[in-house]
Each structure stands twice: as C-alpha cells, then as structure tokens.
Amino acid sequence: MFIVDRSEIVMILNNIGMLLELKGENFFKSKAYYDAARRIEVMEENLEELVRDDKLKDIKGFGKALTQKITELVKTGRLDYYNRLKASFPEGLFELLKIQGLGPKRISTLYNKLGICNIEQLKQACNEGKLLELAGFGRKTQAAVIKSIDDLDKYSNRYLYYQASEISDLIIKLLDENEYVIRCSIAGSLRRKKEIIKDIDIIASSEKPDDVMGFFTSLPMVTNIINRGETKTSVIMDEKIQVDLRVVGDKEYPYALHHFTGSKEHNTAMRHMAKDKGLKMNEYGIFDLDSGESADCRNEEEIFGLFDMEYIPPELRENNGEIKDALERALPVLVCDKDIKGVVHVHTRYSDGKNSIKEMARACMGLGYKYLGISDHSENAFYAGGLKRDQIKRQHEEIDQLNESSSDFMILKGIELDILPDGNVDYDEEVLSWFDFTIASVHSSFNMDMGKMTDRIIKALKNEFVTILGHPSGRLLMSRDPYRVDMDEIIAAASEERVILEINANPYRLDLDWRYCKKAKELGCKFAICSDAHSIDEIYNIPFGVNTARKGWLTKEDIINTGSYKSLKKEFI
DNA sequence: GCCGTTTTCGGCCCGACTGTTTTCAGTCG
C-alpha cells in the first residue's frame with residue numbers, strides 16, 4: 001500500500017470541494033468533500049487500516065464515491081479524478097480566493113465572462129473598469145477588490161514573527177558553529193519580538209569578517225545576494241526574506257548589537273542621555289566628547305551599567321518609558337516561558353479541534369504544564385461545531401473521569417462563547433453556571449461601527465458568567481484588520497468588571513496587542529496567555545504569547561496561568 | 001455526494017451583512 005500523508009488527503013478533498021464550487025456544482029456536493037476532509041482530519045482510527053479492511057464505507061459521510069476516491073488515494077498516492085478536475089482550471093484561479101469579497105461564484109463569473117485567471121489580470125481588469133460590466137458587480141465591489149489586492153501587495157514583504165524566527169534560529173545555529181565567528185545574535189525588530197518583521201538583522205563579531213561573509217553567502221538557503229561588503233552583506237533567503245549580516249570586531253560587538261537592535265526611538269533617547277553626560281554613543285562605541293576616549297563594555301549589560309541603569313530587555317526598547325524606569329531601577333521582571341504553569345483556551349474534537357481532550361492533556365503534561373482549560377466553541381458557532389447542551393454534559397463527564405484518574409494534572413471545564421451582535425452570549429444562565437470559566441469572543445458581524453461594537457463587547461463584559469475576553473481586537477495579522485472598537489473603553493470596562501484579558505498566542509493573532517498591555521496593567525487588569533490551540537502542535541504557540549506579554553511590560557503576577565491550579569480557580573471565582 | 005426512507009428523491013447550511021438591486025445573490029465566519 002502506498003503511504004500517503006493524511007494531511008495531503010485532507011488537502012486534496014478540500015481542494016476538490018473548492019473546485020466543484022468554482023465549477024458551479026451543487027454546494028452540498030462540495031460540502032460532502034469538506035465534511036469528509038474534516039472527518040479524516042479528526043479520525044482516531046488508522047486510515048490505511050480502514051481502507052485495507054474495507055471499513056471506510058461503514059462510516060457516516062463516506063458513501064460509494066468518496067470511499068472509492070479515498071481508497072485510490074491511499075493505495076496509489078494519487079487520484080485521477082482530482083488531477084483531471086484540477087487541470088480543467090488555470091492554476092492562478094485558486095489564488096483569487098485570497099481576495100476579500102471574492103468567492104467561488106464571483107471568481108467563476110470573472111473567469112467565464114472576462115477570462116480572468118490570476119490576480120495580475122484581475123488588477124488590470126479593475127483598472128480598466130471592466131468589472132462594472134458584469135451583472136452583480138458594482139463600483140463598491142470593484143473598489144473593494146482593488147483594496148484587497150493592494151493589501152496583499154502591502155503585506156507581501158512582511159513576515160510574522162514565527163516565520164522569521166524559524167529562519168533566524170537556523171542562521172544563528174550555523175554561524176555559531178563557524179570557526180571564524182566569535183559571537184553572534186539576532187538584532188532588529190526580530191530581537192525586540194515585534195509581531196511583524198520586514199527583514200532579519202544579524203550581528204556577528206569576528207577577526208576574519210571576509211571569511212564569515214563568504215560562509216554566509218554560500219549558505220544553502222541563500223537564493224540571491226543583494227550586496228556583499230566587508231561589514232554588511234544582504235541576501236535573500238528561501239526566495240523571499242531579506243537577511244542582513246553585519247560583522248564587526250569583538251570589541252565593538254556590544255555597541256553594534258545594541259545599536260542594530262533599536263528601536264530607532266530608543267537609540268535616539270539613549271544618545272540624548274549620553275550627550276547630557278558628555279558622551280557620544282554610536283554603533284562603534286561610547287566615547288568621551290572631550291577626550292575621545294572609548295568606554296570598554298564587554299556586553300550590553302555593561303553598556304546600560306555605564307549609565308547606571310538596569311539592563312533593558314530588548315522587548316522593552318521602544319522608548320515607551322523603559323529608559324526612565326531603568327534609571328530608577330524600576331523595570332518589571334518580565335514573565336518568561338517557564339513561568340507558565342498551564343494552558344488555557346484549547347479546542348478539542350468536540351468542536352473544531354483536531355485532538356481529543358485526553359490527547360491535549362497528555363501533550364500538556366509532556367511539556368510540564370499542570371492544568372488545561374478546555375474551551376470548545378459554543379452553540380452559536382455552528383460553523384465550528386459549537387456544542388449543544390447534551391454535548392457539554394458529555395464533555396463534562398469525560399473531564400470528570402479524566403480528573404479522577406490523575407492527581408497532579410487537572411482539566412478545567414470552559415467554553416468559548418460567541419458574543420452575539422446584541423452583546424448577549426449564546427447560552428442561558430443555567431448552562432453558563434456549569435463551567436469553571438468562560439471565554440467570550442466576537443466571531444461574527446465584524447463590521448459594526450465603533451460605538452456599537454464597543455457597546456456590544458462591554459455588555460458581554462458585564463455578564464457575570466464571563467471570565468475572559470477572547471482575542472479582544474479580532475485581528476488576523478497581515479490579513480484582517482482589528483474590528484473598529486474603542487480599546488481604551490474596553491480595557492476600562494474589563495478592569496471594572498474584573499474580566500481577564502486574553503493574550504491569544506496564535507502567531508496570527510497575538511491579541512491583545514502588546515501596545516495595550518501596559519496601559520491595561522496600570523488600570524489593574526489581569527491577563528491570560530492563551531494557546532487557542534486547535535491541535536497538539538498549537539500548544540507550542542504559548543511562547544509567542546509570552547513574547548507579547550513581555551513586550552507589554554507584564555510580569556508573572558499579571559498573568560493568571562502562571563500560578564497553581566488552586567490559584568487559577570480562585571481567579572475564576 | 002450522502003443519507004434516510006412511510007425505499008429512490010428531497011433535504012442537507014445558519015444568520016448577518018453588503019452591494020446590488022427592487023427582492024436577492026454572494027460572501028464570511
């Protein structure tokens with residue numbers, strides 16, 4: 001039997017669903033493929049065994065056609081039907097689905113009436129006003145399409161933190177192993193843990209800079225060399241992201257690292273302070289303005305020490321009060337990965353997660369966590385398999401059983417409630433009282449005006465059963481703007497109502513934004529660093545949330561899931 | 001494409017919103 005990756009089968013089934021939609025087939029035909037993909041994704045049984053034993057057809061949702069197609073896929077690794085279907089459309093048509101406001105129907109119209117096969121052709125057609133000729137397309141639709149294409153362009157040279165850090169970790173590892181490199185580190189916005197990165201900055205010290213540059217430019221991931229100099233070399237890696245390497249002498253290394261870590265605003269403020277003390281500060285060193293004599297700092301700690309300051313962690317270097325506090329030795333001790341004691345906001349197979357409660361719990365235990373807060377979707381989120389009353393009861397029975405079998409790991413009963421457009425949540429008080437905690441989130445009607453959206457969320461915060469406000473801005477980094485909401489008012493209300501603010505650790509969300517954390521903390525808000533995991537893999541997202549919390553000046557005392565199970569339960573009362 | 005059945009086609013996917021319409025189609029979560 002051909003061994004084929006399960007995720008590959010899931011992808012193919014989903015693609016068939018989409019292609020059938022583009023073809024204009026009955027939606028329920030597509031849905032059968034989507035449903036099958038979803039079932040295979042969460043299936044506990046071994047798919048190969050099911051196919052071998054001819055048991056697939058006994059599972060609900062797998063009729064004659066799907067069983068035959070999946071069997072062919074599992075046995076041969078390919079599916080003739082899919083290949084033929086795919087070949088009947090131009091390849092670029094798929095990417096049109098990325099454009100907001102364009103679904104299968106409109107794409108099909110654009111293709112059939114105007115022959116548009118890709119984004120480039122679509123852009124041209126918009127510029128020529130051709131969309132206006134089509135029935136059902138008007139000026140606003142055309143303008144929205146143009147904006148969405150521009151947005152795609154705008155984000156095309158930006159990377160999420162996790163994407164950039166995967167590449168930079170590898171580069172640092174390779175440079176560390178190089179015999180000519182004395183010290184090296186990432187710098188720039190990546191070191192400051194910004195959520196979106198334009199390029200990767202790396203600083204290294206060496207006595208043989210040319211050899212280091214030679215090594216760097218010959219790395220297998222380098223697909224293009226933009227320029228190569230003695231101290232600075234820029235390359236493109238993996239055909240996309242720009243990486244700048246600066247090589248300096250080891251004496252200059254701490255100053256270069258500080259300088260190229262930035263931010264620009266932090267550096268400016270530092271230089272002002274240096275000047276007041278009769279010093280000049282740049283990437284090469286710190287010099288006495290009168291004598292020209294250079295300081296002798298061996299690392300960044302000593303640079304800050306020279307100014308009689310506490311060490312400022314890179315995350316705080318945004319000129320957001322860190323210099324004043326460092327001078328007063330009043331910087332917070334920032335929360336770190338090992339402070340996190342348990343995982344909150346986790347989805348399971350009960351709604352749209354890929355793993356069972358047991359599997360999620362085992363993964364958390366393996367990572368040393370002490371508790372897990374399950375929060376599947378609530379009833380209103382039918383698109384994500386939201387839980388009905390009887391499903392909640394079954395889930396709670398399962399959690400009780402699991403808790404009975406373990407003494408040093410506990411599972412909490414939670415739910416992710418939908419905040420409905422009117423600000424209510426989607427269960428009655430009786431059901432709400434069953435949970436240890438609830439996370440209330442906006443999942444629909446994103447386009448309200450600011451006043452209405454703010455009122456809507458505040459109404460939810462006033463609900464006595466709401467424990468945590470989930471992903472407060474609703475943003476998806478580089479693809480969806482936050483909804484229009486007065487975040488200051490939300491934070492004030494959360495503080496007033498003692499509702500915990502989520503820091504969603506999904507690298508596409510990182511929401512609440514770090515820019516609001518410090519302010520919220522000052523108002524007395526508490527935070528939960530939540531995984532929003534829909535699979536075991538996503539539990540590993542927690543450190544991205546920790547980054548956001550650190551950047552927002554938070555300590556472990558500000559975060560509810562840094563304490564014991566007992567103390568967490570108290571926070572939920 | 002699947003399911004169920006008072007066995008062979010009708011129902012399956014809800015609700016809000018937007019933009020295009022003049023009563024609704026398409027998209028999105």
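Throughout, protein chains are lettered first and strands after them, A, B, ... in sequence-line order, and every chain is numbered starting at 1.
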With [atom1] as the reference atom in both, quote the distance from [N] to [M] in angstrom, rounded to an integer.
| N | M | atom1 | value |
| --- | --- | --- | --- |
| B:dT5 | B:dC12 | C1' | 15 Å |
| B:dT22 | B:dA16 | P | 24 Å |
| B:dT6 | B:dG1 | C1' | 24 Å |
| B:dC14 | B:dC9 | P | 25 Å |
| B:dT23 | B:dT18 | C1' | 15 Å |
| B:dC17 | B:dG10 | P | 34 Å |

- [ ] Apply the test side-chain contact (heavy atoms from CB on, under 4.5 Å) to residues A:Q124 and A:Q121: give CA-CA distance (whole Å), side-chain angles for both, the deciding distance (0.1 Å), then the verdict.
- [x] CA-CA 5 Å; A:Q124 199 180 338; A:Q121 290 170 350; 5.6 Å; no
Rounded to the nearest angstrom, tell me the gap between atom [atom1] in [X] and atom [atom2] in [N].
| X | N | atom1 | atom2 | answer |
| --- | --- | --- | --- | --- |
| A:H377 | B:dG29 | NE2 | C1' | 10 Å |
| A:L102 | B:dC28 | CG | C1' | 13 Å |
| A:I16 | B:dC2 | CD1 | P | 12 Å |
| A:K29 | B:dC12 | NZ | C1' | 15 Å |
| A:L97 | B:dG26 | CG | P | 15 Å |
| A:M453 | B:dG29 | CE | P | 13 Å |
| A:R509 | B:dG29 | CZ | C1' | 11 Å |
| A:L96 | B:dC28 | CG | P | 12 Å |

Grab the N/O contacts between the protein and nucleotides 3-5 of chain B below 3.5 Å, and write none if there aren't any.
{"residue": "B:dC3", "atom": "OP1", "partner": "A:G61", "partner atom": "N", "Å": "2.6"}

- [ ] With sequence neighbours excluded, give me every ring-ring contact (aromatic ring centres under 6.0 Å, His included) pair touching residues 75-99 of chain A.
- [x] none
TODO: Do nucleotides 16-22 of chain B as a string where each nucleotide becomes B, S or -: B if the base has a protein heavy atom under 4.0 Å, S if just the sugar-phosphate does, - if no protein is that close.
DONE: S-SSS--
- [ ] Provide the Watson-Crick or G-U wobble partner of B:dG15, both distances under 3.5 Å; none if there is no partner.
- [x] B:dC28
Restricting to ring pair (Phe, Tyr, Trp, His ring centres under 6.0 Å), what partner residues turn up for [X], sequence neighbours left out?
| X | answer |
| --- | --- |
| A:F446 | A:Y483 |
| A:H534 | A:H347 |
| A:Y111 | none |

Task: Test side-chain hydrogen bond (donor to acceptor under 3.5 Å, both in side chains) applied to A:R106 - qualifying residues, sequence neighbours left out - done: none
Open item on the list: Test of understanding: with side-chain hydrogen bond (donor to acceptor under 3.5 Å, both in side chains), list the residues that count as partners of A:S473, not counting sequence neighbours.
Closed with: A:D511
TODO: Would you give the length of the straight line joining atom NZ of A:K193 to atom NZ of A:K551, rounded to the nearest 0.5 angstrom?
DONE: 9.0 Å
All N/O donor-acceptor pairs, side-chain side in residues 137-144 of chain A, below 3.5 Å, sequence neighbours left out:
{"residue": "A:Q142", "atom": "OE1", "partner": "A:L131", "partner atom": "N", "Å": "3.3"}
{"residue": "A:Q142", "atom": "NE2", "partner": "A:C126", "partner atom": "O", "Å": "3.4"}

TODO: Give, ordered by number, those residues of residues 84-92 of chain A having at least one heavy-atom distance below 4.0 Å to an atom of DNA chain B; if nothing qualifies, reply none.
DONE: none
- [ ] Using the closest heavy atom to pick a nucleotide of DNA chain B for each, name whichever of A:A65 or A:V442 lands nearer the 5' end.
- [x] A:A65
Task: Which residues share a side chain to side chain contact (heavy atoms under 4.5 Å, CB included) with A:L367, sequence neighbours left out - done: A:Y369, A:I539, A:Y540
Task: Contact list for residues 115-124 of chain A, test salt bridge (Lys or Arg N to Asp or Glu O under 4.0 Å), sequence neighbours left out - done: A:K123-A:D153
- [ ] Would you mind classifying the nucleic acid contact of A:N26 as base, sugar-phosphate or nothing, using non-hydrogen atoms under 4.0 angstrom?
- [x] base
- [ ] Take A:L510 and A:L160 through the side-chain contact (heavy atoms from CB on, under 4.5 Å) test and state the conclusion after the steps.
- [x] CA-CA 10 Å; A:L510 302 178; A:L160 294 176; over 6 Å; no
Task: Among B:dT27, B:dG29, B:dG1, the nucleotide that comes nearest once only the side chain of A:H443 is considered - done: B:dG29
- [ ] Compare every heavy atom of A:I503 with every heavy atom of A:G545, then report the nearest pair and how far apart it is.
- [x] O-CG2, 3.7 Å
Task: Any donor-acceptor N/O pair under 3.5 Å between B:dG15 base and A:N380 side chain - done: no
